[in-house]
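Below you'll find the structure, written out as structure tokens, and then a few comments.
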Amino acid sequence: MTDEQRDLTTSESEDVTASTTEDPQYGVGPFSIREVAIGAVWLVAFILSFVSITTVGFNSVWTSGLLWVLTIGVPTVAVFLIALRRLSPQGIRRVGSLGIDQFASVAFSVATVLWIQLLWETVSIAIDGGPWVRNWVTWIMAVLMLAGVVLTVFAPLIPPLSEDFRGRREIPAHRNARPIRPVSPRPAPVRPEPAVATEIDEAPVVTADETDTRTDADFSQTAVWEPVQTRDTYEPVTVVDVTEEEPVAEPLEDDVEDTDTATGTPVSNQAFWALAPEERDVVDEIGIPLFRIGPTAWALVIEDRGEVFVIRHEDGRVGYLHDVSDVTRG
């Protein structure tokens with residue numbers, strides 16, 4: 001492997017969440033301060049989830065049917081994805097149309113609502129004169145999930161935590177997160193108009209006394225007969241040439257230039273080498289960066305779509321380069 005290829009491979013292994021500003025962000029190892037706080041909150045909540053939440057007998061969230069799915073299961077998945085995003089940048093980077101941070105916000109918000117619901121039921125039963133059915137674990141779990149909401153939903157508004165969101169690279173949104181299309185009113189059905197009967201004149205009758213004086217050379221033309229004075233007298237007044245036109249040769253398939261069906265721009269299927277003046281992202285169909293190309297190594301372009309290059313990496317990945325300005329062709 002040459003030095004240029006080694007530098008290109010090193011640049012591709014960089015975290016996709018790298019900041020585009022010069023202001024560095026410090027944390028604990030590969031994790032930011034906010035991510036460490038989320039992990040600490042989850043760890044305490046995960047340990048307490050195995051403790052009974054009732055005062056009568058043993059009954060934890062793991063032994064209460066499907067209560068564990070939203071109270072601790074979904075937040076566990078969110079914390080796992082946050083750690084995976086730092087440790088494996090090429091791993092899972094979204095859940096459906098939601099980013100990792102958006103999914104974590106939804107997970108802790110839903111868990112908080114469920115724990116508050118359990119507290120509300122406990123207080124309601126106690127007000128009605130019943131026993132205090134749930135213990136202190138329910139109160140602590142509700143506070144921990146509420147702390148998770150602060151660290152995810154309200155983190156961009158809190159100065160110490162907002163550094164994790166400052167200067168992130170902008171990428172195209174998922175199609176499910178894009179603005180909605182306008183809805184046009186359905187056109188009203190068109191009622192067919194009733195047909196109007198028209199009186200058709202009786203076709204003229206040609207008598208046997210009339211003779212056709214056309215020669216064989218005149219059969220290449222057709223005469224249109226119209227009445228001159230009376231209904232029984234006709235003579236040709238217009239001659240229409242009905243000679244067969246020569247067919248126009250269709251262009252061969254090799255003479256037709258391929259075009260992009262979406263944009264109408266010419267498309268070239270001939271591969272060539274390209275060198276970008278600076279490092280640029282090569283993204284997939286929805287705009288997520290796959291790898292980067294730069295001035296240190298040539299990139300193989302397998303298809304030229306005018307304003308977009310289809311580039312194949314040496315490991316077989318194929319992506320799209322949208323910024324093709326000042327690119328040197330090899």
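Evaluation of the side chain to side chain donor-acceptor pair (under 3.5 Å) rule for Thr54 yields Ser52 as partners, not counting sequence neighbours. For Ser49, the side chain to side chain donor-acceptor pair (under 3.5 Å) partners two or more places apart in sequence, or in a different chain, are Trp62. Residues that satisfy the ring-ring contact (aromatic ring centres under 6.0 Å, His included) test with Phe80, not counting sequence neighbours, are absent from this structure. Remark: Glu285 engages no residue in a side chain to side chain donor-acceptor pair (under 3.5 Å) (not counting sequence neighbours). A search for ring-ring contact (aromatic ring centres under 6.0 Å, His included) contacts involving Phe309 returns Phe272, not counting sequence neighbours. Residues passing the side-chain contact (heavy atoms from CB on, under 4.5 Å) test with Val310, sequence neighbours excluded: Ile302, Glu303, Arg305, Val318, Tyr320. By the side chain to side chain donor-acceptor pair (under 3.5 Å) test, Arg329 pairs with Asp304, sequence neighbours left out.
Under a cut-off of 6.0 angstrom, the local environment of CZ in Phe165 is crowded, with over 12 non-hydrogen atoms contributed by other residues, nucleotides or ligands. Heavy-atom neighbours of Arg94 CZ from other residues, nucleotides or ligands within 6.0 Å: above the threshold of 12. Residue-environment remark: CD1 (Ile92) stays at or below the threshold of 12 foreign heavy atoms within 6.0 Å.
Between the side chain of Arg34 and the backbone N or O of Ala155, no donor-acceptor pair lies under 3.5 Å. The main-chain N or O of Ser105 is found under 3.5 Å from a side-chain atom of Ser109 such that the two form a donor-acceptor pair.
Linking Ile, Leu, Val, Met, Phe, Trp and Tyr residues whenever their side-chain heavy atoms come within less than 4.5 Å leaves Ile116 and Leu151 in two separate clusters. Residues Ile33 and Tyr26 do not share a hydrophobic cluster, defined by chaining ILVMFWY side chains whose heavy atoms lie under 4.5 Å apart. Linking ILVMFWY side-chain heavy atoms closer than 4.5 Å, directly or via other members, places Trp42 and Val137 in a single hydrophobic cluster. Trp120 and Ile53 fall into different hydrophobic clusters, where Ile, Leu, Val, Met, Phe, Trp and Tyr are joined by side-chain heavy atoms under 4.5 Å apart, directly or via other members. Under the 4.5 Å side-chain contact rule for hydrophobic residues, Phe31 and Leu84 do not share a cluster.
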Donor-acceptor list for residues 64-75 side chains, cut-off 3.5 Å, not counting sequence neighbours:
unit_1	atom_1	unit_2	atom_2	d
Ser64	OG	Asn59	OD1	2.7
Ser64	OG	Ser60	O	2.7
Trp68	NE1	Gly65	O	3.3
Thr71	OG1	Leu67	O	2.6

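With a 4.5 Å cut-off between side-chain heavy atoms of Ile, Leu, Val, Met, Phe, Trp and Tyr, the cluster of Phe58 takes in none. With side-chain heavy atoms closer than 4.5 Å counting as contact, directly or through intermediates, the hydrophobic cluster containing Val133 also holds Ile125. By the 4.5 Å side-chain criterion applied to Ile, Leu, Val, Met, Phe, Trp and Tyr, Ile288 is assigned to a cluster that also includes Ile286.
If you take OG1 on Thr76 and CG on Leu81, they are separated by 11.0 Å, rounding to the nearest 0.5 Å. For the atom pair CD (Glu278) and CZ (Arg292), the distance works out to 9.5 Å, reported to the nearest 0.5 Å. Interatomic distance, Asp164 CG to Ile38 CD1, rounded to the nearest 0.5 Å: 8.0 Å. Interatomic distance, Ile100 CD1 to Ile82 CD1, rounded to the nearest 0.5 Å: 8.0 Å.
Residues Gly306 and Val324 share a closest heavy-atom pair of O-CG2, 4.0 Å. What you find for Ala299 and Ile311 is that their closest heavy atoms are CB-CG2, 4.0 Å. Across all their heavy atoms, Leu275 and Gly294 have their closest contact at CD1-O, 3.5 Å. Scanning both residues, Ala107 and Ala78, for their nearest heavy atoms gives CB-CB, 4.0 Å. Counting all heavy atoms, side chain and backbone alike, Arg280 lies closest to Asp323 at NH1-O, 2.7 Å. Across every non-hydrogen atom of Ala45 and Met145, the tightest pair is CB-CE, 3.6 Å.
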Could you walk me through whether Val56 and Trp132 pass the side chain to side chain contact (heavy atoms under 4.5 Å, CB included) test, one step at a time? CA-CA 9 Å; Val56 180; Trp132 197 265; over 6 Å; no
Would Leu161 and Phe154 count as a side chain to side chain contact (heavy atoms under 4.5 Å, CB included) here? Give the steps. CA-CA 9 Å; Leu161 305 177; Phe154 300 101; over 6 Å; no
Applying side chain to side chain contact (heavy atoms under 4.5 Å, CB included), run through Ser32 and Arg86 and close with a yes or a no. CA-CA 10 Å; Ser32 64; Arg86 291 291 186 181; 4.2 Å; yes
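Among Leu43, Leu48, Thr112, the single residue meeting the side-chain contact (heavy atoms from CB on, under 4.5 Å) criterion with Leu144 is Leu48.
Contact check for Trp115 versus Leu146: no side-chain heavy atoms found under the 4.5 Å cut-off. Contact of the Leu118 side chain with the Met141 side chain is not registered, since no non-hydrogen atoms from C-beta on lie closer than 4.5 Å. A heavy-atom distance below 4.5 Å is found between the side chains of Phe108 and Val79.
The pair Arg85-Asp101 counts as a salt bridge, with a side-chain nitrogen and a carboxylate oxygen less than 4.0 angstrom apart.
Within the structure, the side chain to side chain donor-acceptor pair (under 3.5 Å) test picks out no pair touching residues 135-156 (sequence neighbours left out).
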